[in-house]
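Chain letters run A, B, ... following the sequence lines, proteins first and then strands; every chain starts at 1.
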Protein chains: 2
Amino acid sequence: MKTIPKISETEWEVMRVLWASSPLSAEDIIARLAAQDAAWHPKTAKTLLGRLVKKKALGFEKDGRAYRYRPLVREVDCVKAVSDSFLDRVFGGALTPMLAHYVEHKKMSAAEIKELKRLLDQKE
Amino acid sequence: MKTIPKISETEWEVMRVLWASSPLSAEDIIARLAAQDAAWHPKTAKTLLGRLVKKKALGFEKDGRAYRYRPLVREVDCVKAVSDSFLDRVFGGALTPMLAHYVEHKKMSAAEIKELKRLLDQKE
DNA sequence: CGTTATGGATTACGCTCGTAATCGTTCAGC
DNA sequence: GCTGAACGATTACGAGCGTAATCCATAACG
């Protein structure tokens, strides 16, 4: 089991772009980030790319002077790590109260409810 | 709607103790923290209490030389704030994939599954 | 009554984060 | 070939965090 580097709040946005599609150039990544949130400053994105490379969440191949970045860690693994820590911290590790919180406080469509029930059925 | 102060990882453990029971003296809080995790250093806990007071997550009444601390923010509100941000960051705000992740990756007892289904039924 | 233990306040310190600007190099266009 | 634009690398910097130790006042014990 590989060690999952700790990915910060803003770094997650970058990772999510690359999990959705990779490899990508910095330029492409910046474009996609700006597409979902215009407040992204290119320099900031570059800094984050550098940090993610340093902490080995991203790798790259050179493509001329530029890099093409790709994830070195799988999304599922990162999601699992951070989900577990969230569960521990906020709900003391108790799964059901956590799920109950969401079910009770967030809107869900009938289809979503059905889908979730199906998953629960499978689990039995 | 009051503003929820940002509560850090370790601060959450302190808050959880006080949400479970308050008001409590620093001594009591430290004892309860140590009970669940022996690695807690009293000085560290004091620092966190101070910080939580400063950021107005906790208040206190004087009781002689000592303080009796109590939460100034409700657990539900904090849970909601941090849950929403977690959902956004890790799952891009998509509720069902998030719930699905937990249902698929964590162990649940038959009773828990049943309880959750009941909540989903209510929601319909 | 004085000394010590205890309580909160203050100070410490290295790390990470968010947010960029600057630097040095190299590719591309003129 | 020369110049400027663009790339990654390096540097910046204040805030917050995790982890304590130290300081100062007072309460409790002897």
Are A:Asp28 and A:Arg32 ion-paired here, with the side-chain N under 4.0 Å from a carboxylate O?
no
Does this structure show an ion pair linking B:Glu13 with B:Arg16, if we count only N-O contacts that are shorter than 4.0 Å?
no
Could you identify which residues of residues 27-38 of chain B place a heavy atom less than 4.0 Å from some atom of DNA chain D, listed by residue number, or say none?
none
Measure NZ/B:Lys6 against C1'/C:dT16 and give the value in whole Å, please.
11 Å
Contact class for B:Ser25 vs. all strands (heavy atom < 4.0 Å): base, sugar-phosphate, or nothing?
nothing
Boundaries of the chain B footprint along DNA chain D (any atom under 4.0 Å from a heavy atom):
D:dC17 to D:dA27
In whole angstrom, give the distance that lies between atom CD1 of A:Ile7 and atom P of C:dG18.
12 Å
Hey, is the side chain of A:Thr44 poking within less than 4.0 Å of OP1 or OP2 on C:dG18, counting only N and O atoms?
no
Does the distance from a Lys or Arg side-chain N to an Asp or Glu carboxylate O, for B:Asp77 and B:Arg74, drop under 4.0 Å?
yes
So B:Lys62, base contact, sugar-phosphate only, or nothing? Heavy-atom distance under 4.0 Å.
nothing
Whether B:Tyr67 contacts C:dA9 is assessed here as follows: a side-chain N or O lying under 4.0 Å from the phosphate OP1 or OP2. Is that the case?
yes
Rounded to whole angstrom units, what separation is found between the CD atom of B:Glu61 and the C1' atom of C:dG8?
16 Å
Sugar-phosphate atoms are those with a prime plus P, OP1 and OP2; base atoms are the rest. Using that split, label each nucleotide of nucleotides 23-30 of chain C B, S or - for protein heavy atoms under 4.0 Å, 5' to 3'.
----S---
5'-most contact on DNA chain D: B:Thr47 or B:Lys55, nearest heavy atom basis?
B:Lys55
